[in-house]
Amino acid sequence: MWKSRFSEDTADVVLKFTQSLDMDWHLAEADIKGSKAHVKTLASAGLITQEEEKALLTGLDQVLDEIKSGKLEPLIKLEDVHMNIEARLTEILGDIGRKLHTARSRNDQIATTLRLFLREQLLEIASKVETFLESILDRAENHMNFVVPGYTHLRRAQPISMGHYWMSHFWAFARDFSRLKAALEALNECPLGSAALAGSTFPLDRHLSAKLLRFFKPTENSIDSVANRDYIADFYHFASLFLVHCSRLAEDLIIYSSDEFGIVQLPDAFCTGSSIMPQKKNPDVLELVRGKVGQVLGSYMDLLIMLKGLPLAYNRDLQEDKRSLMNVLQTLHGILDVLPPLILKVEIDVDGASKAFEDGFILATDVADYLVLKGVPFRKAHWLVGNAIKWCLNEGKNFLDLSLEEWRSLIPQFDEEILENLNPRSSVERRKTYGGTAFSEVMRQLSEGKKIIEEVEKFLSLWPEDVD
Ligand code: ARG
């Protein structure tokens with residue numbers, strides 16, 4: 001389509017090297033939607049007749065049908081999805097087909113196609129993230145009355161409600177949803193009509209194109225329109241943090257379900273066995289979640305490095321944005337499909353969790369806090385309790401074995417009331433600060449969490465179903 005100024009045929013290796021069909025053939029449907037809006041805009045500008053408009057729209061529908069049914073195979077010599085579609089359209093319509101590319105460049109075309117494609121993808125991902133949030137909330141609600149050890153430095157720290165633990169992940173994922181929302185809003189502007197870089201000499205109504213494609217508005221600057229890929233970076237920002245959070249959750253569940261920790265049990269249907277060791281139940285799904293995340297973080301870097309120092313406006317480097325994008329989307333869908341049903345079946349290992357409380361040392365802060373209530377300055381209380389632990393470790397005893405007399409000999413301010421209240425459940429119950437692990441606070445978080453889900457639902461219902 002652009003060969004007339006050349007005196008030699010393009011080398012075969014160049015065709016192979018420059019083609020983008022392996023990444024953009026998936027964009028055919030979005031590309032045709034963009035072309036149909038362009039046809040309508042051309043007609044409204046009086047650049048094609050009503051009959052030509054009709055022929056082009058029907059022709060484009062036919063090409064889409066042929067692509068969907070697999071009848072139309074793309075040709076490498078036609079470089080990309082755009083030229084394959086145009087070539088087939090011209091085969092069907094002759095000279096009318098040759099009018100499609102009036103007032104358009106592949107530069108504004110791919111920018112429009114990508115935004116349309118990504119918008120649809122992000123809406124699908126957003127609804128999967130909603131399901132994801134619901135699965136975490138479900139576990140939080142189911143497990144809120146279970147007391148488990150909480151960790152810092154991967155050492156037992158203080159008892160917590162398991163509902164509190166799940167909600168800690170919920171808030172991270174809720175923040176991710178806000179990032180996804182921002183990415184969706186940022187991409188919702190229409191570059192069509194910017195042509196190669198400078199706009200068009202024809203009187204195109206860019207507001208009409210934007211409206212037809214259900215974009216919020218046309219982009220403000222034609223150079224920026226074809227050079228901008230920020231919206232992919234915005235999406236990667238969401239995807240990166242979301243997957244970092246998924247990998248932290250996956251890692252926790254791998255550790256907590258190990259024989260050594262034994263706090264939770266993973267569903268059999270989401271674990272795999274060993275080909276040699278019959279006793280094994282391996283958390284491969286969670287390991288793969290952890291393992292796949294790096295590729296997405298790398299893709300974010302890949303895009304930023306491509307954009308860094310890239311002269312305006314369009315350069316062919318930009319074609320490579322799609323390779324990583326397709327991979328990231330595939331990884332994200334994979335993880336979003338497998339994690340929620342797995343999460344919904346995670347159960348607490350009650351016996352395993354209670355082992356963490358057997359020596360009572362996890363209640364050390366609680367003893368110190370009680371002493372503060374009896375008038376002991378906190379630093380002194382901390383020293384006294386630490387000293388009592390040292391004594392226990394030397395004597396081979398633990399906090400739950402000690403008699404009131406033994407406690408008193410170690411800590412003169414210790415009394416019966418402290419002894420009676422020294423258990424993991426009351427430790428949880430008493431941490432009532434806003435956002436603390438007390439059951440009442442977990443309940444409050446749960447109702448806030450439900451409100452977030454309602455907001456997510458409302459946000460999703462505001463987006464247009466689809467563009468024809
Ligand atoms: N296949 C190209 C891409 O994906 C389309 C734009 C090509 N534009 C150009 N001036 N060569 O970016």
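Because the structure is a prediction, the values reported are computed rather than measured.
Using cut-offs of 30° and 60° on the angle between ring planes, the pair Phe242 and Phe238 is parallel. Taking the six-membered ring for Trp and thresholds of 30 and 60 degrees, His143 and Phe146 have ring planes more than 60 degrees apart, a perpendicular arrangement.
Using a 4.0 Å cut-off between charged nitrogen and carboxylate oxygen, Arg229 and Glu320 do not count as a salt-bridge pair. Taking the charged nitrogens against the carboxylate oxygens, Arg444 and Glu441 do have a contact shorter than 4.0 Å, which makes a salt bridge. Here Asp22 pairs with Arg323 in a salt bridge; the nearest charged N to carboxylate O distance falls below 4.0 Å. With salt bridges taken as basic N to acidic carboxylate O contacts below 4.0 Å, none links Glu455 and Lys181. Taking the charged nitrogens against the carboxylate oxygens, Glu91 and Arg88 do have a contact shorter than 4.0 Å, which makes a salt bridge. For the pair Arg139 and Glu347, the salt-bridge criterion is met [side-chain N within less than 4.0 Å of a carboxylate O]. Classification of Arg179 and Asp176 as a salt-bridged pair holds, one side-chain N sitting under 4.0 Å from a carboxylate O. Checked for salt-bridge contact, Asp61 and Lys36 meet the test: a charged N lies under 4.0 Å from a carboxylate O.
Within the 4.5 Å cutoff, side-chain heavy atoms of Tyr236 are placed close to those of Leu325. Side-chain contact between Lys40 and Lys211 is absent, with no heavy atoms from C-beta onward closer than 4.5 Å. Asp108 is listed as a side-chain neighbour of Ser105, based on a closest heavy-atom distance under 4.5 Å. Residues His333 and Gln121 are in side-chain contact: their nearest non-hydrogen atoms beyond the backbone lie under 4.5 Å apart. Counting heavy atoms from C-beta on, the side chains of Arg431 and His164 never come closer than 4.5 Å. At least one side-chain heavy atom of Trp171 sits less than 4.5 Å from a side-chain heavy atom of Gln445. Using a 4.5 Å cut-off on side-chain heavy atoms (C-beta onward), Ile85 and Ile67 make contact.
Heavy atoms only, all atoms of each residue included: Ile335 and Pro340 are closest at O-CD, 4.1 Å.
Arg206 and Thr219 are linked by a side-chain donor-acceptor pair at a separation below 3.5 angstrom, with hydrogens and angles left out of the test. Defined by atom type and a distance below 3.5 Å, a donor-acceptor pair is present between the side-chain atoms of Ser324 and Asp302. A side-chain donor from one of Arg104 and His101 sits under 3.5 Å from a side-chain acceptor of the other.
Summarising the geometry, atom CD1 belonging to Ile136 is positioned 4.0 Å from atom CD1 belonging to Ile343; distances are rounded to the nearest 0.5 Å. Between the CG atom in Asp80 and the CG atom in Leu21 there is a gap of 6.5 Å [rounded to 0.5 Å].
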**Asked** Do Tyr231 and Glu189 pass the side-chain contact (heavy atoms from CB on, under 4.5 Å) test, and can you show the C-alpha distance, the side-chain angles, and the key distance before you say yes or no?
**Response** CA-CA 10 Å; Tyr231 48 94; Glu189 293 183 0; over 6 Å; no
**Request:** Decide yes or no on side-chain contact (heavy atoms from CB on, under 4.5 Å) for Val338 and Phe270, but give the supporting numbers first.
**Result:** CA-CA 9 Å; Val338 81; Phe270 289 82; 4.2 Å; yes
**Prompt:** When you look at Tyr256 and Tyr151, which way does the ring-ring contact (aromatic ring centres under 6.0 Å, His included) test go after all the steps?
**Reply:** CA-CA 11 Å; Tyr256 294 173; Tyr151 296 89; 5.7 Å; yes
**Message:** For a side-chain contact (heavy atoms from CB on, under 4.5 Å) check, start with the C-alpha distance between Leu93 and Leu100, then their side-chain angles and the critical distance, and finish with the verdict.
**Reply:** CA-CA 11 Å; Leu93 298 177; Leu100 173 68; over 6 Å; no
**Request:** Could you check Thr10 against Glu79 for side-chain contact (heavy atoms from CB on, under 4.5 Å), going step by step and ending with a plain yes or no?
**Result:** CA-CA 11 Å; Thr10 316; Glu79 233 180 272; over 6 Å; no
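For the salt bridge (charged side-chain N to carboxylate O under 4.0 Å, His left out) with Lys99, the qualifying choice from Glu52, Glu51, Glu53, Glu86 is Glu52, the only one to do so.
Counting only distance, with no hydrogens or angles, the side chain of Asp31 and the backbone of Ile110 share no donor-acceptor pair below 3.5 Å.
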